*Asks:* 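First the structure, which I've put down as structure tokens, then a few questions once you've had a look.
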Amino acid sequence: MSNKAAAAGKESGQRAVYLPLIAGWLVPGAGHFLLRKWWRGAFLFVAIVCMFALGMAMGGKLYTGAENILDMLGLAGDVGNGLMFFITHFLGIGAQHVRVTTADYGTKFMVVAGLLNVMAAVDAHNLRTGRKH
Amino acid sequence: MFQPSHFTAVLLFALFASTVFGITMRETPRRMFRSGTYCFALFVCSVIVFSWVMYFISP
């Protein structure tokens with residue numbers, strides 16, 4: 001009985017290993033919040049959300065399709081923003097075309113925010129597995 | 001629409017990217033702060049240097 005309970009606990013623990021990674025991807029800093037790294041999570045949340053929001057405010061393009069290789073890379077970066085990407089995509093907030101120079105900056109801000117969010121989520125995973133302290 | 005100057009956009013980009021780099025690449029708060037500040041300085045200095053390089057090589 002105790003062996004079964006230990007095995008079940010180990011299995012649920014292994015599943016929970018990926019929880020900070022997924023939570024961190026969906027909401028910036030959430031993976032760190034789950035691990036009680038409050039300040040790190042707060043700074044990551046503010047930095048990534050501000051970067052994405054400023055990109056939107058500059059009229060940045062939100063990649064929604066993958067018609068060529070550059071669009072595909074842009075889409076991969078934007079999807080890194082997790083829920084922010086899906087919400088803005090479904091609400092149709094992002095610009096369809098880049099018309100001014102600042103909009104081009106905005107597009108890059110949004111893509112890089114997604115890539116930084118992936119870095120933050122992987123950092124949360126490393127903290128969870130003990131690879132980082 | 002928010003339309004910052006090129007340099008303001010660079011400063012904002014450097015600030016946010018350095019924050020994430022500092023937190024994810026170091027383990028203690030002190031080292032995170034130092035690493036983030038170092039990254040920010042490198043971003044800004046390299047932008048100034050490359051801006052002057054482009055100024056001199058432009059036709």
Side-chain angles (χ1 to χ4, degrees), chain A residues 20 24 28-29 31-32 35 37-60 80-81 93-95 98-127 130-133, chain B:
Chain A
H32 289 77
L35 299 169
K37 304 283 185 188
W38 305 112
W39 284 108
R40 292 187 204 187
F43 274 111
L44 290 170
F45 180 83
V46 170
I48 293 166
V49 171
C50 282
M51 198 166 192
F52 186 81
L54 281 175
M56 296 290 287
M58 288 183 216
N81 285 299
I93 297 175
V98 173
R99 296 187 194 283
V100 290
T101 314
T102 46
D104 194 33
Y105 298 160
T107 305
K108 270 56 177 182
F109 267 54
M110 289 154 72
V111 170
V112 173
L115 298 175
L116 292 174
N117 190 36
V118 171
M119 276 180 67
V122 171
D123 184 61
H125 179 65
N126 286 339
L127 286 166
R131 204 175 296 164
K132 188 186 173 193
H133 298 287
Chain B
M1 187 187 287
F2 177 53
Q3 291 189 311
S5 68
H6 296 202
F7 192 64
T8 308
V10 164
L11 289 182
L12 288 169
F13 185 95
L15 178 69
F16 298 134
S18 305
T19 303
V20 177
F21 284 170
I23 292 172
T24 55
M25 290 183 180
R26 295 291 182 267
E27 297 198 352
T28 60
R30 187 183 174 84
R31 293 190 69 196
M32 286 175 188
F33 179 76
R34 289 183 64 174
S35 175
T37 309
Y38 181 65
C39 274
F40 182 78
L42 278 184
F43 266 124
V44 176
C45 289
S46 56
V47 162
I48 292 169
V49 168
F50 280 107
S51 303
W52 278 108
V53 169
M54 285 189 280
Y55 172 77
F56 284 118
I57 65 172
S58 65

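If you're wondering where the values come from, they're calculated on a predicted model, not measured in any experiment. Sequence lines set the chain letters: A, B, ... in the order given, protein chains first and strands last, and positions in each chain run from 1.
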*Asks:* Are there residues of residues 6-28 of chain B that reach to under 4.5 Å of chain A by heavy atoms, and which ones?
*Replies:*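 Near chain A, by residue number: His6(B), Ala9(B), Leu12(B), Phe13(B), Phe16(B), Ala17(B), Thr19(B), Val20(B), Phe21(B), Ile23(B), Thr24(B), Met25(B), Arg26(B), Glu27(B).
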
*Asks:* Against chain B, label Tyr105(A) side chain, backbone, both or neither, depending on which of its atoms sit under 4.5 Å from a heavy atom there.
*Replies:*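 Side chain only.
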
*Asks:* Relative to chain B, which segment of Val122(A) carries a heavy atom at a distance below 4.5 Å: side chain, backbone, both, or neither?
*Replies:*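 Looking at Val122(A), nothing touches chain B.
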
*Asks:* Contact part of Leu127(A) toward chain B, heavy-atom cut-off under 4.5 Å: side chain, backbone, both or neither?
*Replies:* neither

*Asks:* Over all heavy atoms of both residues, which pair between Met1(B) and Ala57(A) is shortest? Give the atoms and the distance, please.
*Replies:* CG-O, 3.2 Å

*Asks:* Give me the contact list for residues 36-59 of chain B versus chain A, heavy atoms only, anything under 4.5 Å, ordered by residue number.
*Replies:* none

*Asks:* Select one option (side chain, backbone, both, neither) describing which atoms of Pro29(B) are under 4.5 Å from chain A's heavy atoms.
*Replies:*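 Interface part for Pro29(B): neither.
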
*Asks:* Is atom CH2 of Trp38(A) surrounded by more than 12 heavy atoms (other residues, nucleotides or ligands) closer than 6.0 Å?
*Replies:* yes

*Asks:* Using a cut-off of under 4.5 Å on heavy-atom pairs, state which of Met56(A), Lys37(A), His133(A), Lys108(A) scores highest against chain B.
*Replies:*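 Highest number of heavy-atom pairs under 4.5 Å: His133(A).
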
